[in-house]
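In what follows, a structure is listed as structure tokens, so that the remarks can point back to it.
We use all heavy atoms of the structure for the numbers below, so side chains are in, but hydrogens, waters and symmetry mates are not.
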Amino acid sequence: MDRLNGPPRLMIVSDLDFTMVDHEDPENLSLLRFNALWEAYYRHDSLLVYSTGRSPTIYKQLRNEKPLLTPDITIMSVGTEIAYGEPMVPDYDWEQHLNLNWDRDIITQETAKFPQLIPQSGTEQRPHKVSFFLEKPNSLEVIKALSESLEKHKLDVKIIYSHGTALDVLPKGADKGQALAYLQRKFKANGRVPLSSLVCGDSGNDAELFTVPDVYGVMVGNAQEELLQWCAENARNNPNIIHSTERCASGIIQAIGKFSIGPNVSPRDVKDWGKCRVNVLSPGYEVVKFYLLYERWRRAEVEKSDQILQNLKSSFYPLGTFVHPSGTEQPMSKCKDMMERLYGDKQGKQYCIWLDRVSTSQIGSDAWLVKFDKWESTGEERHCCLTTVLLNTKQAEEGFTWMHIHQTWLDGLETKPRIVWFL
């Protein structure tokens, strides 16, 4: 929140597995569409919140496997843990709140009496979450008996069953919805209540998100029956909750348009930027657009034309410099020649680029400094560098001129010598 000057324009609160991330989409197309939309239009004045049943350990694993953006806030372990920013600073006040009338030892003893409950891995057993696998045919009987057993100990707990396989025992005051309500109270106390909020989910452990007041909600197109049934019973007449026709992140984009809460055309959906005009001068949109063109160029998905090369040449200030993350420098005037040689070198390969943490600052009447993490992946190989770009409008009749580019490897994410890294 510290990076924003006022209330967020939009806050998106999204589950991860089969909501933001489509595990049946090996090329991550819907997620990459969302990434481009968020970094081009929303990152500078909005909040991205992930709300997941995953523990911190397997949440980090997912981030290493999928092109997920860095969230502002992460709600994990079915709402029992809240962390802030890239360093994931824990919210200790929330932890103290959940300690009230919670006894993990008693819960462990009582659940051990049910052989149908198969403990999940050690990483998923958290201070305020005890987790099991439970087959669906046994679920109703076991949940009823376990609830009665725990009630005898007068503990304030709840049982959440989701995906037809996972059972979690949590403090009564914890779930994804109550974690979000807690954050909203903090925002209100600081005068930072988001102007619009959109919650997104696909399964039973997302249901409580849709009970939070004053939010829009989207059940993605692939939502499970347990969530659809809950909505039919509890939110049938709520016009602010929809079931999208699109899967996963594409359903989130669809909901942004449905509720008219902001731009919903991802730059990845634009085929000809010459015919697509942005209403405001946007440095964030500029860098996203350029790297999408760069990706398509290397994949040979755009024509190798003199016009594109000329436009590229006119975008780069001839006297500017490009500093490669290895530390070598070259004149910007050589970028066009290098681009021409790289045409189609990634054709037929699972190659993609995405930008993360795009931040812009106006440093003059016609100059902007733009910083972001630039990621490239080919198959399972991923590399990333911190990129700083100086943009100028005075040099260009229309749009931006790239005056200077400086890149630095992020730790452990540098390329191997055989891999071409450019811009």
Next on the checklist: Would you say that more than 12 heavy atoms from the other residues, nucleotides or ligands in this model lie under 6.0 Å from the CD of Glu141, or not?
Outcome noted: no
Item to check | Carboxylate-amine/guanidinium contact Lys186 Asp93, below 4.0 Å | outcome: no
Checklist entry - Do you know which two heavy atoms are closest between Ala179 and Ile75, and how far apart they sit? => result CB-CG2, 3.8 Å
Item to check | For the student: nearest non-hydrogen atoms of Ser196 and Ile261, plus distance | outcome: OG-CG2, 3.9 Å
Next on the checklist: Can you confirm whether more than 12 heavy atoms, excluding those of Glu301, are under 6.0 Å from its CD atom?
Outcome noted: yes
Next on the checklist: So that I can tick it off, tell me whether Glu376 and Arg382 are bridged by a salt bridge, with the cut-off set at under 4.0 angstrom between side-chain N and carboxylate O.
Outcome noted: no
Checklist entry - Tell me, do Leu390 and Ile363 make a side-chain contact under 4.5 Å, heavy atoms counted? => result yes
Checklist entry - Is there side-chain contact between His404 and Thr388, with at least one heavy-atom pair below 4.5 Å? => result no
Item to check | Gap between atom CG of Leu391 and atom OG of Ser282 - 0.5 Å precision | outcome: 10.0 Å
Checklist entry - Is there a donor-acceptor pair closer than 3.5 Å between any side-chain N or O of Ser162 and the backbone N or O of Gly204? => result no
Checklist entry - How many angstroms lie between atom SG of Cys384 and atom CD of Glu414, to the nearest 0.5 angstrom? => result 11.0 Å
Checklist entry - Do we see a donor-acceptor contact under 3.5 Å between the side chains of Gln229 and Glu233? => result yes
Item to check | Residue pair Asp15 / Ser51, side-chain donor-acceptor N/O under 3.5 Å | outcome: no
Checklist entry - Does a donor on one side chain and an acceptor on the other come within less than 3.5 Å for Tyr182 and Asp91? => result yes
Checklist entry - Looking at Glu381 and Lys416, does any basic side-chain N land under 4.0 Å from a carboxylate oxygen? => result yes
Checklist outcome for this item: Scanning both residues in full, the closest heavy-atom pair of Gly257 with Asn264 reads CA-ND2, 3.3 Å
Checklist entry - Do Phe114 and Phe132 have ring centroids that are under 6.0 Å from one another? => result no
Checklist entry - With no hydrogens and no angle check, is any side-chain donor or acceptor of Thr321 less than 3.5 Å from a backbone partner on Gln330? => result no
Checklist entry - Does Thr111 use its side chain to pair, donor to acceptor, with the backbone of Thr108 at less than 3.5 Å? => result yes
Next on the checklist: Would you say that Ser147 contacts Ile159 through its side chain, given a criterion of any heavy-atom pair below 4.5 Å between the two side chains?
Outcome noted: yes
Next on the checklist: To the closest 0.5 Å, what do you measure between CG (Leu355) and CG (Asp373)?
Outcome noted: 9.0 Å
Checklist entry - Do any N or O atoms from the side chain of Tyr161 and from the backbone of Gly164 form a donor-acceptor pair under 3.5 angstrom? => result yes
Checklist outcome for this item: Taking every heavy atom of Ser55 against every heavy atom of Glu124, the minimum-distance pair comes out as OG-OE2, 2.6 Å
Checklist entry - Would Tyr291 and Phe372 count as a close aromatic pair, with their ring centres under 6.0 Å? => result yes
Checklist entry - About how many Å separate CG of Leu117 and OG of Ser139, when rounded to the nearest 0.5 Å? => result 11.0 Å
Checklist entry - Quick check: does any side chain N or O of Tyr50 sit under 3.5 Å from a backbone N or O of Leu69, one acting as donor and the other as acceptor? => result yes
Checklist entry - Roughly how far, to the nearest 0.5 Å, is the CG atom of Asn238 from the CD1 atom of Ile242? => result 11.0 Å
Item to check | Any side-chain heavy-atom pair of Met76 and Pro56 under 4.5 Å | outcome: yes
Checklist entry - For the side chain of His324 and the backbone of Ser326, is there at least one donor-acceptor N/O pair under 3.5 Å apart? => result yes
Next on the checklist: Between Val323 and Gln407, is there a side-chain heavy-atom distance shorter than 4.5 Å?
Outcome noted: no
Next on the checklist: Classify the ring geometry of Phe322 against Phe422: parallel below 30°, tilted from 30° to 60°, perpendicular beyond 60°.
Outcome noted: perpendicular
Item to check | Within 6.0 angstrom of Asp214 CG, more than 12 heavy atoms from elsewhere | outcome: no
Checklist entry - Charged N to carboxylate O under 4.0 angstrom, Arg268 versus Glu295? => result yes
Checklist entry - Looking just at side-chain N and O atoms, do Ser149 and Glu110 make a donor-acceptor pair shorter than 3.5 Å? => result yes
Checklist entry - So do the side chains of His128 and Glu81 get within less than 4.5 Å of each other, counting heavy atoms only? => result no
Checklist entry - How far apart are the C-alpha atoms of Thr401 and Phe316, what are their side-chain angles, what is the distance that settles it, and do they pass the side chain to side chain contact (heavy atoms under 4.5 Å, CB included) test? => result CA-CA 6 Å; Thr401 298; Phe316 291 142; over 6 Å; no
Item to check | Derivation of the side chain to side chain contact (heavy atoms under 4.5 Å, CB included) call for Leu37 and Ile253 | outcome: CA-CA 8 Å; Leu37 178 71; Ile253 296 173; 4.0 Å; yes
Next on the checklist: A cation-pi test, strictly: NZ or CZ of Lys346 under 6.0 Å from the centre of the six-membered ring of Trp297 and no more than 45 degrees from its axis. Yes or no?
Outcome noted: no
Checklist entry - Can Glu208 and Lys158 be said to form a salt bridge (Lys or Arg N to Asp or Glu O under 4.0 Å), step by step? => result CA-CA 12 Å; Glu208 297 298 331; Lys158 66 171 60 176; 5.2 Å; no
Next on the checklist: Taking the basic N atoms (NZ, or NE/NH1/NH2) and the acidic carboxylate oxygens, is any pair closer than 4.0 Å for Arg43 and Asp356?
Outcome noted: yes
Checklist entry - Is there a donor-acceptor pair under 3.5 Å between the side chain of Asn28 and the backbone N or O of Leu32? => result no
Next on the checklist: Is it true that Trp402 and Glu286 share a donor-acceptor pair across their side chains at a distance under 3.5 Å?
Outcome noted: yes
Next on the checklist: Looking only at the side chains, is there a donor atom on one of Asp17 and His23 sitting less than 3.5 Å from an acceptor on the other?
Outcome noted: yes
Item to check | Minimal non-hydrogen separation, Pro127 against Trp102, with atom names | outcome: O-NE1, 3.0 Å
Next on the checklist: Using the rule given for ring pair (Phe, Tyr, Trp, His ring centres under 6.0 Å), can you reason through Phe400 versus Tyr317, listing the C-alpha separation, both sets of side-chain angles and the distance that settles it, and then say yes or no?
Outcome noted: CA-CA 10 Å; Phe400 293 92; Tyr317 181 53; over 10 Å; no
Next on the checklist: Can you confirm whether or not the ring centre of Trp354 sits under 6.0 Å from the ring centre of Trp38?
Outcome noted: no
Checklist entry - How far apart are the C-alpha atoms of Arg54 and Lys60, what are their side-chain angles, what is the distance that settles it, and do they pass the side chain to side chain contact (heavy atoms under 4.5 Å, CB included) test? => result CA-CA 9 Å; Arg54 288 177 176 249; Lys60 291 174 183 176; over 6 Å; no
Checklist entry - Within the side chain of Asn35, is there an N or O that forms a donor-acceptor pair under 3.5 Å with the backbone of Pro67? => result yes
Checklist entry - Is a side-chain donor or acceptor of Asp72 paired with a backbone partner of Leu48 at a separation under 3.5 angstrom? => result yes
Item to check | Test salt bridge (Lys or Arg N to Asp or Glu O under 4.0 Å) applied to Glu148 and Lys152, step by step | outcome: CA-CA 7 Å; Glu148 293 171 351; Lys152 293 177 182 178; over 6 Å; no
Item to check | Gln362 (side chain) donor-acceptor with Trp368 (main chain) under 3.5 angstrom | outcome: no
Next on the checklist: Whether the Arg126 and Ser131 side chains hold a donor-acceptor pair (N or O, under 3.5 Å, no angle test) is what I'd like checked.
Outcome noted: no
Next on the checklist: Is the shortest side-chain heavy-atom distance between Ser203 and Glu226 below 4.5 Å?
Outcome noted: yes
Checklist entry - Among side-chain atoms of Ser30 and Asp22, is any donor-acceptor pair under 3.5 angstrom? => result no
Checklist entry - What heavy-atom pair brings Val358 and Gly284 nearest, and what distance separates the two atoms? => result CG1-CA, 4.1 Å
Item to check | Side-chain ion pair, Glu24 and Arg247, N-O less than 4.0 Å | outcome: yes
Checklist entry - Side-chain contact, heavy-atom cut-off 4.5 Å: Glu225 with Trp230? => result no
Item to check | Distance, nearest 0.5 Å, that separates CD1 of Ile12 from CG of Leu47 | outcome: 10.5 Å
